[in-house]
J.: 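The structure is given below, and queries will be raised subsequently.
For ligands, and for the atoms within them, numbers begin at 1 and follow the listed sequence. Throughout, residue positions are numbered sequentially from 1 according to the sequence presented.
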Amino acid sequence: MSARRVGFCLSDKKRRRMNLDAFAGLCAGCGVEVVEIDLTQPLEPQGPFDAIVHKLSDVIVEAERDSRSQQLLANFQSYISAHPRTVLLDPLPAMTQLLDRFASYQIMTKLHNSLRDWRICSPPYLEIHRETDLSSVQQAVINQTLSFPLICKTRVAHGSLSHEMSLIFSAGSLADVHPPCVLQSFINHGAVLHKVFVVGERHFCVERPSLKNFPSGPCDRKTIFFNSHQVSKPESSSDLTALDEQMPYLPPPSSEAVAALVRELRSQLGMALFGVDVIINIRTHTLTVIDINIFPGYEGVPQFFSSLLDHIKSVLKTQDSAGPPEPPQSVAPAAAATGV
Ligand SMILES: Nc1ncnc2c1ncn2[C@@H]1O[C@H](COP(=O)(O)OP(=O)(O)OP(=O)(O)O)[C@@H](O)[C@H]1O
Ligand SMILES: O=P(O)(O)O[C@H]1[C@H](O)[C@H](O)[C@H](OP(=O)(O)O)[C@@H](OP(=O)(O)O)[C@@H]1O
Ligand SMILES: [Mg+2]
């Protein structure tokens, strides 16, 4: 394979976490040149690129309200449109939908049917689009068969505010929600989270700390506010992650079920770089999908760089033999909302 140019476009935070120089060194040995793209400059003179790996979540989210971010995103999109042969990891419409928990939770809900044989599911959830009177929210929680405790997450799934969450223990405490947000039934899972990191055709499972068990059903307990980065990072340890009582051993998710989940999501999302957060329901032992992340940190996956390089080489090889790909399709409009 002749020398190829792969552009990287990462958020500041991601660039600090991902040692791009080390990855470039690994790639150089295989005739792949890693080029860091400056989104603030015209892309044409920085190219051409055989592939672009990016995490533009910051720009995509900020483009909702900031004209400069809109311009940066437009520059990027026009370059991609003018160069359909450039492989994008991952396609912008696919990534954009996962930045909206309303969209990603609709995708997770579809898994109930497609993966019924593997007893894979996701918790019941409710979209709260705007400030609404308390009784309407309480009624919608009943209609959507959510069960207390509930976990409340912002609609926007990226950036610092997106990790600010709350645990709600009674109907009266639903006054503590701040729309737009999503409510999800809290599933007791023994304070162990299984992070499934996907890189192209490969995936890796990493165990992480997680929220402890809480008594099922409504109770007169004040809302708990927390940041998810206090809960499920490798070093997380707090009152929220320490089990209050011993519990029987809970087997990890079966590797076959995880493989089936990854196959289904890879096909549904059309993405190569994503993470799935999975917990095991201590009552039913069902594998429960609670979150999908775009281009996560792959912490605890020493094979990440070699797997990413292998995937890049594989898509470039496919591109060489397949000729110019069709221009990217727009994302299908989301199904009817399930919320208030
Ligand atoms: N429905 C649920 N039932 C039980 N625990 C949950 C549920 N949803 C989330 N959690 C707990 O809260 C943590 C954060 O939730 P989630 O992964 O949705 O947040 P996030 O900020 O998107 O996380 P990430 O760091 O992966 O981006 C999970 O790791 C898990 O410990
Ligand atoms: O522990 P992980 O790898 O899941 O942590 C991810 C996290 O899931 C989110 O995807 C973060 O992205 P933001 O939502 O943009 O904060 C990732 O941050 P990043 O700086 O690596 O993109 C975390 O790694
Ligand atoms: Mg998560």
J.: Starting from atom 17 (O) of ligand 1, find the nearest protein heavy-atom neighbour and note its residue, name and distance.
T.: Asp291 OD2, 2.9 Å
J.: How long is the gap from CG on Leu56 to CG on Leu88, to the nearest 0.5 Å?
T.: 8.0 Å
J.: Pair Val34, Val53 - check side-chain contact (heavy atoms from CB on, under 4.5 Å), show working.
T.: CA-CA 10 Å; Val34 169; Val53 179; over 6 Å; no
J.: Give the residue, atom name and distance (to 0.1 Å) of the protein heavy atom nearest atom 24 (O) of ligand 2.
T.: Gly297 N, 3.1 Å
J.: With a 3.5 Å distance limit and no angle check, can you tell me whether Asn293 reaches the backbone of Pro296 through a side-chain donor-acceptor pair?
T.: no
J.: What is the closest protein heavy atom to atom 3 (N) of ligand 1, and at what distance does it sit?
T.: Ile187 N, 3.0 Å
J.: Run down the list Gln184, His229, His189 and name the one with the heavy atom closest to atom 1 (N) of ligand 1.
T.: Gln184
J.: In terms of residue, atom name and distance, what is the protein heavy atom nearest to atom 5 (O) of ligand 2?
T.: Lys233 NZ, 2.8 Å
J.: Under a 4.0 Å heavy-atom limit, does Lys195 contact ligand 1 with its side chain, its backbone, both, or neither?
T.: side chain
J.: Does Pro179 offer a backbone N or O that forms a donor-acceptor pair with the side chain of His129 under 3.5 Å?
T.: no
J.: Number the atoms of ligand 2 from 1 as they appear, then name those within less than 4.0 Å of a heavy atom of His163, with their elements.
T.: 13 (P), 14 (O), 16 (O)
J.: Would you indicate whether the side-chain heavy atoms of Val315 and Gln319 approach each other to under 4.5 Å?
T.: no
J.: Over all heavy atoms of both residues, which pair between Met165 and Ser162 is shortest? Give the atoms and the distance, please.
T.: CE-O, 3.8 Å
J.: Between Leu193 and ligand 1, which residue portion shows a heavy-atom distance shorter than 4.0 Å: side chain, backbone, both, or neither?
T.: side chain
J.: What atoms of ligand 2 come closer than 4.0 angstrom to any heavy atom of Ala157?
T.: 14 (O)
J.: For atom 13 (C) of ligand 1, which candidate among Pro209, Ser232, Gly159, Ser122 holds the nearest heavy atom?
T.: Ser232
J.: Answer with yes or no whether Arg208 contacts ligand 1, where contact means a heavy atom under 4.0 Å from a ligand atom.
T.: no
J.: Under a 4.0 angstrom heavy-atom cut-off, which atoms of ligand 2 come close to Phe197?
T.: 3 (O)
J.: In the protein, which heavy atom is nearest to atom 19 (O) of ligand 1, and how far is it?
T.: Met165 CE, 2.9 Å
J.: Quick one: does Trp118's side chain get under 4.5 Å of Leu287's, heavy atoms only?
T.: no
J.: For ligand 2, is there an N or O atom under 3.5 Å from any N or O atom of Arg17?
T.: yes
J.: Suppose I only count heavy atoms of Val231 and a 4.0 Å limit; which atoms of ligand 1 are within that range?
T.: 31 (O)
J.: Would you check if Lys195 and Cys205 make a side-chain contact, meaning some heavy-atom pair closer than 4.5 Å?
T.: no
J.: If hydrogens are left out, which of Asn293, Leu193, Val276, Asp277 has an atom nearest to atom 9 (C) of ligand 2, that is, the closest non-hydrogen atom?
T.: Asn293
J.: I need the contact type for Ser160 against ligand 2. Using non-hydrogen atoms and a strict under-4.0 Å cut-off, is it side chain, backbone, both or neither?
T.: neither
J.: Examine Ser11 against ligand 2 and note whether any of their N/O atoms are separated by less than 3.5 Å.
T.: no
J.: Give me the nearest non-hydrogen protein atom to atom 16 (O) of ligand 2 as residue plus atom name, then the distance to 0.1 Å.
T.: Lys13 NZ, 2.9 Å
J.: Just to be sure I read this right, does ligand 1 sit under 4.0 Å from the backbone of Lys212, its side chain, both, or neither, counting only heavy atoms?
T.: neither
J.: So for Ser185, does at least one of its heavy atoms come nearer than 4.0 angstrom to any atom of ligand 1?
T.: yes
J.: Applying a heavy-atom cut-off of 4.0 Å, say which part of Pro123 lies close to ligand 1: side chain, backbone, both or neither.
T.: side chain
J.: What atoms of ligand 2 come within less than 4.0 Å of a heavy atom belonging to Pro296?
T.: 3 (O), 24 (O)
J.: Tell me which protein heavy atom sits closest to atom 27 (O) of ligand 1, plus the residue, atom name and distance to 0.1 Å.
T.: Asn293 OD1, 3.1 Å
J.: For atom 12 (O) of ligand 2, what's the nearest protein heavy atom and its distance?
T.: Lys55 NZ, 3.0 Å
J.: Within the supplied structure, the quantity of interest is the number of heavy atoms (other residues, nucleotides, ligands) at a distance under 6.0 Å from Lys222 NZ; does it exceed 12?
T.: no
J.: Between the Mg ion (ligand 3) and Asp291, which N, O or S atom of the residue is the nearest one?
T.: OD2
J.: Determine the sole option in Gln106, His112, Lys110 for which the side chain to side chain donor-acceptor pair (under 3.5 Å) test with Ser122 is passed.
T.: His112
J.: May I ask you to check whether Lys195 has an N/O atom sitting below 3.5 Å from an N/O atom of ligand 2?
T.: yes
J.: What N, O or S atom of Asp277 is found closest to the Mg ion (ligand 3)?
T.: OD2
J.: Is His158 touching ligand 2 with its side chain, its backbone, both, or neither, if touching means heavy atoms under 4.0 Å apart?
T.: both
J.: Assess, by modelled atom type and distance only, whether the side chains of Lys153 and Tyr125 contain a donor and an acceptor separated by less than 3.5 Å.
T.: no
J.: Let's go through Leu211 and Phe186 carefully: what are the C-alpha distance in whole Å and the side-chain angles of both, what is the deciding distance for side-chain contact (heavy atoms from CB on, under 4.5 Å) to 0.1 Å, and is it a yes or a no?
T.: CA-CA 10 Å; Leu211 288 175; Phe186 182 88; 3.7 Å; yes
J.: What's the shortest distance from atom 31 (O) of ligand 1 to any protein heavy atom, and which residue and atom give it?
T.: Ser210 OG, 2.5 Å
J.: For the pair His189 and Thr288, evaluate side-chain hydrogen bond (donor to acceptor under 3.5 Å, both in side chains) and give the outcome as yes or no after the intermediate values.
T.: CA-CA 9 Å; His189 56 284; Thr288 307; over 6 Å; no
J.: Which of the atoms of ligand 1 are close to Asp277, meaning less than 4.0 Å from one of its heavy atoms?
T.: 17 (O), 26 (O)
J.: Can Ile280 and Val192 be said to form a side-chain contact (heavy atoms from CB on, under 4.5 Å), step by step?
T.: CA-CA 8 Å; Ile280 301 294; Val192 175; over 6 Å; no
J.: Counting only heavy atoms from other residues, nucleotides and ligands, does the tally under 6.0 Å from CZ of Arg68 exceed 12?
T.: no
J.: Shortest non-hydrogen contact from Pro251 to His285?
T.: CD-CE1, 4.3 Å
J.: Within the structure, does Arg101 bring an N/O atom to less than 3.5 angstrom of an N/O atom in ligand 1?
T.: yes
J.: What protein heavy atom lies closest to atom 11 (C) of ligand 1? Include the residue and the distance to one decimal.
T.: Leu211 CD1, 3.6 Å
J.: Determine whether more than 12 heavy atoms belonging to other residues, nucleotides or ligands lie under 6.0 Å from atom CG of Asn113.
T.: yes
J.: Determine whether more than 12 heavy atoms belonging to other residues, nucleotides or ligands lie under 6.0 Å from atom CG of Asp133.
T.: yes
J.: Mark up the atoms of ligand 2 that fall under 4.0 Å of a heavy atom belonging to Arg208, in ascending order.
T.: 1 (O)
J.: Do other residues, nucleotides or ligands put more than 12 heavy atoms under 6.0 Å from Glu64 CD?
T.: no
J.: Atom 21 (O) of ligand 1: which protein heavy atom is closest, and how many Å away?
T.: His163 ND1, 2.5 Å
J.: Salt bridge between Glu299 and Arg17, side-chain N to carboxylate O under 4.0 Å?
T.: yes
J.: Could you tell me the residue and atom name of the protein heavy atom closest to atom 18 (O) of ligand 1, and the distance to it rounded to 0.1 Å?
T.: Lys153 NZ, 2.7 Å
J.: Hey, what's the ring geometry for Tyr298 with Phe197, parallel, tilted or perpendicular (30° and 60° as the breaks)?
T.: tilted
J.: Could you check atom 21 (O) of ligand 2 against the protein and tell me its nearest heavy-atom contact, residue, atom and distance included?
T.: Lys14 NZ, 2.9 Å
